[in-house]
Enquirer: 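Encoded as structure tokens, here's the structure I'll be asking about.
Side chains are part of it too, since the values below use all heavy atoms of this structure and drop only hydrogens, waters and symmetry mates. In this text the structure is predicted, and so the values were computed from the model without any measurement. In what follows, every chain begins at residue 1, and chains take the letters A, B, ... in the order their sequences are listed.
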There are 2 protein chains.
Amino acid sequence: MSARDKAISSTLGYALLGLLAREERSGYDLTQALKNPVGYFWFAQHSQVYPELARLETAGLVAHTLIEQADRPDKKVYRLTDMGRAALSAWLNADTELPRKRDELVLKAYSIWLADPAAAARMMREHAQTHAAHLAEFQSGLSNLEGEAGAALWQPDSPWFGVHAVLRRGIGYEREYSEWCEWLAQCLEGTEKGSP
Amino acid sequence: MSARDKAISSTLGYALLGLLAREERSGYDLTQALKNPVGYFWFAQHSQVYPELARLETAGLVAHTLIEQADRPDKKVYRLTDMGRAALSAWLNADTELPRKRDELVLKAYSIWLADPAAAARMMREHAQTHAAHLAEFQSGLSNLEGEAGAALWQPDSPWFGVHAVLRRGIGYEREYSEWCEWLAQCLEGTEKGSP
DNA sequence: TGGGTATATGTCAAGATAGACCTATGTCTG
DNA sequence: CAGACATAGGTCTATCTTGACATATACCCA
């Protein structure tokens, strides 16, 4: 407890290290990767990514090379150092705290008895569709991955396996969310559905 | 767009208003309510609750009465004002943004190909058990609610309906999460399971 | 008597995050 | 030709959130 165990970075830092463990990327690329569909589990703006990369570099976990480009702005391509890889491994083995869930729609559901049922049902149905769309996206992402990665999808030491795991979580999450919205919409419309 | 539409409060503010719409509570009570099991959808420390209540009161959305107690410290019991109820309704009808998911365990899953499979499998199984325990909690919560609320559970204008909706979401979420952890653990152990 | 827990209300500092702002270049579209 | 968009890098401010610190009473248990 005496020394600073966390030493360097926030969870965002490990997200970036996890991406760089697969391939070298610029800050811009990292920010893109932190979006749909794989990066759905952790999001950050570029205004967070650039300072975090600087911190990681100061700590010796990543290093960059300046790439001069004629047709585009120059870029800094970052790669993982040995220390960075070690830090990533240590983090993987450390205890993981439960995420604190904060979901405004569920919060609204708690007060939905104060709302107009018809309007609320419309709202829930819209969200059901949104999550169904995400579900479809993740499902097609997994299909594409199968084509790309083949059997490596199921090998726990393959980078593809990580993508596979995350996509599967996304599929389960979005399916459940969409179904819940549908269920709630049906309740609000008075067409009762099955028991809890 | 000219005027400040959000006028007053953050999402936490609406969480508090939603609780106060059901019954008067002190800041301490609100903080407790923001914990298990119903408040699993939004969490805040008391250090956030007290200042937020002060802001809500300044905005005229809540009001408090000082209750002097002999056996315990005095407390301020807050109640919703008419303006507060109106603000809550307006919020319910407004668009809801998608939550930005941040889940450290899923983030680890993305890099799990770098970890020791056996250790990772143990970790995932532990999390599976944690979520299974939450699932059981929510399920028994729903059972208790059935006894307490009866048919009101299914009436969209009853406060019980809100609790019902949230619990159902919790049940679906925890079930899915637990199953995903189990699936991942099995993959890591080499005992392959069904197709995606 | 000392320590832990529950009740009750707050403040403060540090860090995380969002959203706006800023500068460039090149391409594509109306 | 103007404006939008993608690429590429950054800063800055305000707010959100956490976790520690602070204070006080009453109860229970060793």
Enquirer: For a quick test of reading the model: is some side-chain N or O of B/Gln45 closer than 4.0 Å to OP1 or OP2 of D/dT17?
Expert: no
Enquirer: Using heavy atoms to find the nearest nucleotide of DNA chain D for A/Pro51 and A/Gln69 separately, return the residue whose nucleotide is more 5′.
Expert: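 Taking each residue's closest nucleotide, the earlier one in sequence belongs to A/Gln69.
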Enquirer: Could you tell me whether the phosphate oxygens of D/dC16, OP1 or OP2, come under 4.0 Å of any side-chain nitrogen or oxygen in B/Gln48?
Expert: no
Enquirer: Does the A/Glu57 side chain pair with the main chain of A/His64, one donor and one acceptor, at a distance under 3.5 Å?
Expert: yes
Enquirer: Counting side-chain heavy atoms from CB outward, which of D/dC16, D/dA8, C/dT17 is closest to A/Arg72?
Expert: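 Closest nucleotide to the A/Arg72 side chain: D/dA8.
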Enquirer: Where the side chain of B/Arg102 is concerned, which of D/dT17, C/dT17, D/dA8 is the nearest nucleotide?
Expert: C/dT17
Enquirer: With distance as the sole criterion, do the side chain of A/Ser47 and the base of C/dG19 form a donor-acceptor contact below 3.5 Å?
Expert: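 Per atom types, the contact qualifies.
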Enquirer: Take the protein atom CG of A/Leu16 and the nucleotide atom C1' of C/dT17, then report the distance between them rounded to whole Å.
Expert: 14 Å
Enquirer: Taking atom types as modelled, find out whether B/Thr96 and A/Lys108 have a side-chain donor-acceptor pair closer than 3.5 angstrom.
Expert: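 Checked: B/Thr96/A/Lys108 side chains pair up, N/O donor to acceptor below 3.5 Å.
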Enquirer: NZ of A/Lys76 versus C1' of D/dT7: gap in Å, rounded?
Expert: 16 Å
Enquirer: Rounding to a whole Å, what distance do you find between A/Leu56:CG and C/dA16:P?
Expert: 12 Å
Enquirer: To the nearest angstrom, how far is B/Lys75 atom NZ from D/dA26 atom P?
Expert: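 Checked: the NZ to P distance equals 16 Å.
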Enquirer: Whole angstrom is fine here: how far is it from CG in B/Leu66 over to P in C/dT7?
Expert: 19 Å
Enquirer: Whole angstroms only, please: what is the CG-C1' distance between B/Leu12 and C/dA18?
Expert: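 It is 17 Å, rounded to the nearest whole Å.
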Enquirer: Can you measure B/Leu53 atom CG to C/dT9 atom C1' for me and round it to whole angstrom units?
Expert: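 Result: 11 Å.
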Enquirer: Among D/dT17, D/dA8, C/dA8, which nucleotide has an atom closest to any side-chain atom of A/Asp29?
Expert: D/dA8
Enquirer: With DNA chain C as reference, determine whether B/Gln32 or A/Asp71 sits nearer its 5' end, using the nearest nucleotide of each.
Expert: B/Gln32
Enquirer: Out of C/dT9, D/dT11, D/dT25, which has the shortest distance to the side chain of A/His46?
Expert: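 Given the options C/dT9, D/dT11, D/dT25, the side chain of A/His46 is closest to D/dT11.
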Enquirer: Are the side chain of A/Thr58 and the backbone N or O of A/Ala54 linked by a donor-acceptor pair below 3.5 Å?
Expert: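 It does hold such a pair.
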Enquirer: Counting only side-chain N and O atoms of A/Tyr50, is one of them less than 4.0 Å from OP1 or OP2 of D/dG10?
Expert: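 Result: no.
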Enquirer: Over all heavy atoms of both residues, which pair between B/Tyr177 and A/Arg169 is shortest? Give the atoms and the distance, please.
Expert: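 Looking at all heavy atoms of both residues, the closest pair is CD1-NH2, 3.2 Å.
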Enquirer: Between D/dC21, C/dA8, C/dA18, which nucleotide has the shortest distance from any of its atoms to the side chain of B/Tyr28?
Expert: C/dA8
Enquirer: Identify which nucleotide among C/dT7, D/dG9, C/dT9 has an atom closest to any side-chain atom of B/Pro73, counting heavy atoms from C-beta outward.
Expert: C/dT7
Enquirer: Could you state the CZ-P distance from B/Arg100 to D/dT15, rounded to the nearest angstrom?
Expert: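 Taking atom P of D/dT15 as the reference, CZ of B/Arg100 is at 16 Å.
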Enquirer: Would you please say whether a donor-acceptor pair under 3.5 Å links the side chains of B/Trp160 and B/Glu146?
Expert: no
Enquirer: When you compare the side chains of A/Arg79 and A/Thr65, does any donor N or O come within less than 3.5 Å of an acceptor on the partner?
Expert: yes
Enquirer: Can you say whether a donor on the side chain of A/Ser10 sits under 3.5 Å from an acceptor on the base of C/dG15, or the other way round?
Expert: no
